[in-house]
Trainee: 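Submitted below is the structure of interest, expressed as structure tokens.
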Amino acid sequence: MIGNTHAEFVSDAQPPIKSEAITILAIESSCDETSASVCVDGKILSNYIANQTVHEQYGGVVPELASRAHMQNIVPVVNAALKEAFPQHPTPQAQLQTVDAIAFTQAPGLIGSLLVGTQFAKSLALSLDKPLIAVHHMQAHVLANLIADIKPTFPFLCLTVSGGHTQIVLAKSPLDLTVIGESIDDAAGEAFDKTAKLLGLPYPGGPLIDKYAKEGNPLQFKFAEPQIPELNFSFSGLKTSVLYFLQKQEPGFIEQNRADLCASVQYTIVNILLKKLTKAVQQTGVKNVCIAGGVSANSALRKGLQETGEKQGWKIFIPKFEYCTDNAAMIAITAYYKYLAGEFSSLDVGPTARAEW
Ligand code: KG4
Ligand code: ZN
């Protein structure tokens, strides 16, 4: 029979009455990182991440290969996360008995990748008879800011910048998050990766642009900034602008000017992000400002955010690097707040590649 086979776990169900600590096992598999984390009462006890190097030779993530790698990685990654969190228990079976709920990334992401984590989490929940919690990957990136001991107070703004998304989110409480601006085309991470490719750098190019930019002059080359209304972004024009500029140059130009090109591209992207963030603060009056997603590792963005914050009187929060890129700890912390709110999923839940929120 297809249907809701576990009615007591549907959303809106009452959370099980529990006076002791709440322990969550969370799984993230939305793209090319397989990750598992254990969180007790909002404190992260472990966060294991298996990266997939297989994609490097293809210049981007190959969905089919990502799914296969998740299949290989998921059991060892979950076992490692459980072992680190509960060294006092000798076996994964004993460690799993201490878990109160299983959480997983339900959307958005590569469907084949999401399926592996979803199916694994559902099977665990069914066999252990534990509640299941579905988590939205982008909400989790924002709530990664609640992992640190010094947390932002609500309301706060979060600039989420990753390979797939660029968003400004207004957070009024852990589960009251509204997207107030986003990219209408490429994400900021894509802008880094695609221009890096034009400059002859391998995937993912973002970290390499950051590295070469340290030696370069950010004002050497000027690339047009798009004029997009409201708090939205557009990055596809930057790639074209860099492409046309490079086509006009002599052979060897990229090699001779790599550092200046990287610094100038980075300067343009960071400028676009900080201008919109400043506009968001002016519009909302919210001065607690957070950052999330893989691009928040960028040194110019971090520096620019700190400097702008100091000038404008903002309070800045930047999660530890391991909680910025894709990780299961952010899924676990989000699931913890969903557990407190009684937001459980039924066992017939499936993944979705795209998901509004
Ligand atoms: O959040 P994330 O790990 O995965 C997604 O959900 O997309 O973000 C990956 C993105 C890639 O585009 C990568 O190039 C970019 O983050 N990235 C950086 C840096 N480190 C990672 N971009 C610029 N500078 C960096 N240091
Ligand atoms: Zn992500």
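Counting starts at 1 for both ligands and their atoms, in listed order. Along the sequence shown, residues are numbered consecutively beginning with 1.
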Trainee: Decide whether an N or O pair under 3.5 Å exists between D193 and ligand 1.
Mentor: yes

Trainee: Answer with yes or no whether the side chains of N327 and S35 bring together a donor and an acceptor at under 3.5 Å.
Mentor: no

Trainee: Out of A191, S162, P207, C324, whose heavy atom is nearest to atom 19 (C) of ligand 1?
Mentor: P207

Trainee: Looking only at side-chain N and O atoms, does T352 offer a donor or acceptor that is under 3.5 Å from a partner on Q106?
Mentor: yes

Trainee: Using distance alone, determine whether G205 and ligand 1 share an N or O pair under 3.5 Å.
Mentor: no

Trainee: Just distances here: any N/O of G293 and N/O of ligand 1 closer than 3.5 Å?
Mentor: no

Trainee: State, without any angle test, whether T153 and N288 hold a side-chain donor-acceptor pair at a distance under 3.5 Å.
Mentor: yes

Trainee: Considering distance alone, does some N or O of F192 sit under 3.5 Å from an N or O of ligand 1?
Mentor: no

Trainee: Looking only at distances, please establish whether an N/O atom of ligand 1 is found under 3.5 Å from an N/O atom of S299.
Mentor: no

Trainee: In degrees, rounded to 10 degrees, what angle do H141 atom NE2 and D326 atom OD1 make at the Zn ion (ligand 2)?
Mentor: 100°

Trainee: Are F245 and F223 an aromatic pair by the rule of ring centers under 6.0 Å?
Mentor: yes

Trainee: Give the atoms of ligand 1, by number and element, whose distance to some non-hydrogen atom of G164 is under 4.0 Å.
Mentor: 7 (O)

Trainee: Measuring from non-hydrogen atoms of H141 to any atom of ligand 1, is the shortest distance under 4.0 Å?
Mentor: yes

Trainee: Without hydrogens or angle criteria, can the side chains of S236 and D186 be said to hold a donor-acceptor pair below 3.5 Å?
Mentor: no

Trainee: Short list, please: which atoms of ligand 1 are under 4.0 Å from a heavy atom of D210?
Mentor: 24 (N), 25 (C), 26 (N)

Trainee: Is there a polar contact between ligand 1 and N298, counting only N or O atoms under 3.5 Å apart?
Mentor: yes

Trainee: For atom 9 (C) of ligand 1, what is the nearest protein heavy atom, given as residue, atom name and distance?
Mentor: G163 N, 3.7 Å

Trainee: Confirm or rule out an N/O/S atom of H137, from backbone or side chain, lying less than 2.8 Å from the Zn ion (ligand 2).
Mentor: yes

Trainee: Could you please spell out the steps behind the salt bridge (charged side-chain N to carboxylate O under 4.0 Å, His left out) verdict for E64 and R68?
Mentor: CA-CA 6 Å; E64 169 77 18; R68 286 166 188 257; 2.8 Å; yes

Trainee: For ligand 1, which atoms sit closer than 4.0 Å to a heavy atom of G189?
Mentor: 12 (O)

Trainee: With no hydrogens and no angle check, do the side chains of T105 and E28 hold a donor and an acceptor under 3.5 Å apart?
Mentor: yes

Trainee: Please confirm whether P204 comes within less than 3.5 Å of ligand 1 when only nitrogen or oxygen atoms on both sides are compared.
Mentor: no

Trainee: If I apply the N/O under 3.5 Å rule, does D326 come out as touching ligand 1?
Mentor: yes

Trainee: Would F120 and F104 count as a ring pair (Phe, Tyr, Trp, His ring centres under 6.0 Å) here? Give the steps.
Mentor: CA-CA 9 Å; F120 192 87; F104 68 102; over 10 Å; no

